[in-house]
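We name chains A, B, ... by the order of the sequence lines, and we start the count at 1 in each one.
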Amino acid sequence: MVILSGWWDDFFWGSVVVAQVFLASLVLMIIFGLMGAAAKLSGSRIAQKIANGYTIVFRGTPEILVILLLYFGSAITLTSIAKLFNPDIKFLDVPPFWAGTIAIALIVGSYATETFRGAFLGVKPGSIEAAEALGINGLQVFIYVRVPEMWRLALPAFGNHMLSLIKDTALISIIGLNETLFVAKQAMGATGQPFIMYITVGAIYLGFSTVVTLTVMGLERYGNRTMKAGT
Amino acid sequence: MTGSKPLIRMEHVGKYFGKFKALNDINLEVTKGERIVVCGPSGSGKSTMIRCINRLEKHNEGRIFIGDIELTDNLKDLNAVRREVGMVFQSFNLFPHMTILKNLMLAQKLVRKTSKVEAREMAMHYLERVKIPEQAAKYPIQLSGGQQQRVAIARALCMKPEVMLFDEPTSALDPEMISEVLEVMTSLASEGMTMVCVTHEMGFARSVADRVIFMDGGEIVEEAAPDTFFSAPKNARTQLFLSQILSH
Amino acid sequence: MSFDVSLIFTALPKVLMGIGLTFQLLILSGVLGLMLAVVLMLMRVSGKWYLSWPAQVYIYVFRGTPILVQIFIIYYGFPQLEFIREGILWPIFRDPFGCAIVALTLNTAAYVSEILRGGVLGVDRGILEAGEALGLNRRQRFTYLTTPIAARLALPAYGNDVISLLKSTALASTITLADMTGIARTIVAQTYAPYEIFISLAIIYMIITFFIQKLMARIELWLGRYTVRTG
């Protein structure tokens with residue numbers, strides 16, 4: 001891999017950025033997903049309409065478009081506001097890291113809304129009733145009965161959402177985030193070796209995907225350890 | 001043509017599912033025109049045994065002969081066997097995406113290479129035989145369980161098999177529909193169809209069977225004519241089973 | 001900064017000029033991808049390791065890496081390789097449209113093949129046994145029994161993938177293609193009006209998505225007509 005020498009550390013730091021985006025967007029995605037699910041499950045017509053709107057918008061719009069809109073839109077807005085205070089400012093943007101992270105969290109969050117909603121509804125009402133009949137109070141029922149079962153039901157689809165987050169990170173390179181794809185583009189220009197560079201990026205992302213997939217498989221096995229029939 | 005070469009012959013047949021021995025030293029002969037009823041508790045291997053006859057399950061020990069053909073991995077032999085052995089399943093297994101008529105015509109066209117016109121005629125003939133010709137254009141989901149099972153019987157008959165296998169044909173039916181299916185099976189028997197039938201319907205066994213076979217734990221425990229079987233069972237296990245099944 | 005509605009009216013016709021390219025990408029990749037997906041699925045369910053393993057590796061790689069990376073590998077990376085430049089497929093890889101079609105096709109095929117496989121595995125075993133008992137051979141069972149039933153089972157998930165494919169076509173804009181997103185980005189670069197242009201573009205995509213969903217629902221109804229009890 002003589003060709004890559006000199007770019008190893010750039011790819012390494014690019015990978016670190018991918019991991020950072022993943023962790024940040026994962027937290028936000030869970031929050032957005034739970035909020036959306038809660039809205040859809042609540043009795044409120046308005047909340048449901050808003051949540052449905054959220055789902056429709058972010059499921060029907062290309063991811064790259066959401067990223068571009070969020071980044072350039074917020075940049076224009078911020079720049080205009082900043083100009084009011086200091087006319088010399090030419091351009092003020094939300095860092096690509098955050099614009100991109102929030103964008104992909106919103107997108108995958110719209111899918112997670114359905115996942116969490118389905119998992120919530122999938123918990124057998126009998127379990128909840130039994131717990132309440134035993135005198136356990138509402139909050140404890142939620143924490144000890146509902147959440148563990150929801151988690152187990154949601155896990156496979158949630159794993160897919162995590163994979164989506166990882167792969168969508170590459171799109172953020174378009175607005176200048178220096179994750180691995182961005183690094184590769186620069187390396188291509190400098191070394192004239194686009195094939196190797198982009199294959200490397202593919203391998204790095206494949207590595208991340210594999211880690212996530214193995215983790216989810218392990219968690220699934222753990223979550224289902226008491227579920228084997230006939231044992 | 002009595003007492004001629006047996007249609008089905010099973011010699012020392014054994015079958016494993018992993019480590020579990022589902023069938024042990026099964027010996028059975030069925031001659032043409034005979035009606036055999038197989039009964040026994042769940043898990044006794046009765047379904048497994050008849051599924052071995054048309055090789056839906058593969059036996060691990062012993063030999064099985066259908067007519068002159070031995071059941072092996074040979075595909076050509078297997079296809080010849082399946083043409084002559086008809087099967088009716090507990091859950092009917094009609095093809096849900098085809099009309100009743102198409103259900104009956106499909107195998108005729110593909111396996112016996114019958115022409116469309118002849119296949120249609122045959123299909124309508126057997127639909128009338130099982131007394132539901134008016135359902136020909138409907139889809140399975142639109143029929144009741146009893147009707148679906150009768151269609152399943154007609155579907156198997158369209159292939160003009162030498163022997164019919166029934167795997168608990170009425171076990172999945174609501175009680176009021178059991179008799180319409182048993183009626184068809186009884187009239188089939190009276191026309192001389194060779195049958196092997198796994199069932200819990202002891203009334204049917206008593207009136208139709210030439211021989212009743214009791215299976216338990218993967219083995220044939222007792223075998224007798226219905227009179228003898230029901231009135232004077234020899235084996236303790238048979239007696240226990242009969243007392244449980246006939247008392248309620 | 002104000003929301004310039006008139007800009008939308010002047011820009012919209014220009015953006016819509018890209019809709020032809022968007023649909024070309026969608027339909028061509030969709031059809032070719034479906035064909036490839038059928039082949040992959042057959043390889044996967046064949047039971048023969050020398051067919052199943054290559055298919056599994058292919059699916060793993062294409063589902064585990066971002067589509068943008070796949071596009072870049074083909075568009076930037078392939079021309080670097082001699083055997084591509086001198087091969088008969090060079091006219092395809094030299095052209096950004098060709099590269100986009102290849103990338104989108106290979107990518108969607110991986111996802112769709114798994115969807116088709118899910119359909120095939122979902123067919124009730126009893127039905128196939130009845131076919132076996134009647135004397136139908138393996139190919140006949142697969143053609144007349146498995147395929148029609150599996151197609152109906154796979155349809156909802158397939159519909160979702162078609163929408164994903166639509167959104168992926170927007171990435172063609174990153175390799176100079178003038179689809180709707182490409183034209184929109186150019187206009188935004190000139191007018192500094194991301195909100196007006198990108199929001200309009202998003203609405204166009206959402207409308208197309210809506211129609212695709214309606215079409216899928218129609219097809220589902222037609223394929224599933226035998227699952228309805230009445231009539």
Side chain / backbone / both / neither for Leu81(C) at chain A, heavy atoms under 4.5 Å: side chain
Side chain from CB out, backbone as N, CA, C, O: work out which of these in Val212(A) comes under 4.5 Å of a heavy atom of chain C, or both, or neither. neither
Given side chains that start at C-beta, do those of Glu179(A) and Phe182(A) come closer than 4.5 Å, heavy atoms only? yes
Under 4.5 Å to a heavy atom of chain A? For Val188(C) that would be neither
Give, as side chain, backbone, both or neither, the part of Ile163(C) having an atom under 4.5 angstrom from any heavy atom of chain A. side chain
When only pairs under 4.5 Å are counted, which of Lys167(C), Met206(C), Arg63(C) shares the most heavy-atom pairs with chain A? Lys167(C)
Contact leader toward chain A among Gln213(C), Gln70(C), Arg185(C), where contacts are heavy-atom pairs under 4.5 Å: Arg185(C)
Any chance you could measure Ile166(A), atom CD1, to Met162(A), atom CE, to the nearest 0.5 Å? 8.0 Å
Around atom CZ of Phe85(A), are there more than 12 heavy atoms from other residues, nucleotides or ligands closer than 6.0 Å? no
Between Thr169(A) and chain C, which part of the residue has a heavy atom less than 4.5 Å away: side chain, backbone, both or neither? neither
Just so I know, are the side chains of Leu28(C) and Phe97(C) near enough to count as touching, which here means a heavy-atom distance under 4.5 Å? yes
When the 4.5 angstrom heavy-atom criterion is applied to Tyr111(A) and chain C, the contacting part is side chain
What part of Leu181(A) gets closer than 4.5 Å to chain C, counting heavy atoms only: side chain, backbone, both or neither? side chain
Min side-chain heavy-atom separation Ile92(C)-Val102(C) under 4.5 Å: yes
Does the plane of the ring in Phe72(C) sit parallel, tilted or perpendicular to the ring in Tyr76(C)? Use 30° and 60° as the thresholds. perpendicular
Contacting region of Leu163(A) [heavy-atom separation from chain C under 4.5 Å]: neither
Enter the distance from Leu12(C):CG to Met17(C):CE here, rounded to the nearest 0.5 Å. 12.5 Å
Quick one: which of Leu166(C), Ile67(C), Leu68(C) has the most heavy-atom pairs under 4.5 Å with chain A, could you say? Leu68(C)
Contact class of Thr65(C) relative to chain A, heavy atoms under 4.5 angstrom: both
At a 4.5 Å cut-off on heavy atoms, which part of Phe210(C) comes close to chain A: side chain, backbone, both, or neither? neither
Given Ile207(C), Val69(C), Thr209(C), the one with more heavy-atom pairs under 4.5 angstrom with chain A than any other is Val69(C)
Do Pro91(C) and Asp95(C) have side chains that approach each other closer than 4.5 Å (heavy atoms only, starting at C-beta)? no
Distance-only donor-acceptor check, side chains Thr181(C) and Tyr205(C), under 3.5 Å: yes
Where does Lys185(A) contact chain C at under 4.5 Å (heavy atoms): side chain, backbone, both or neither? side chain
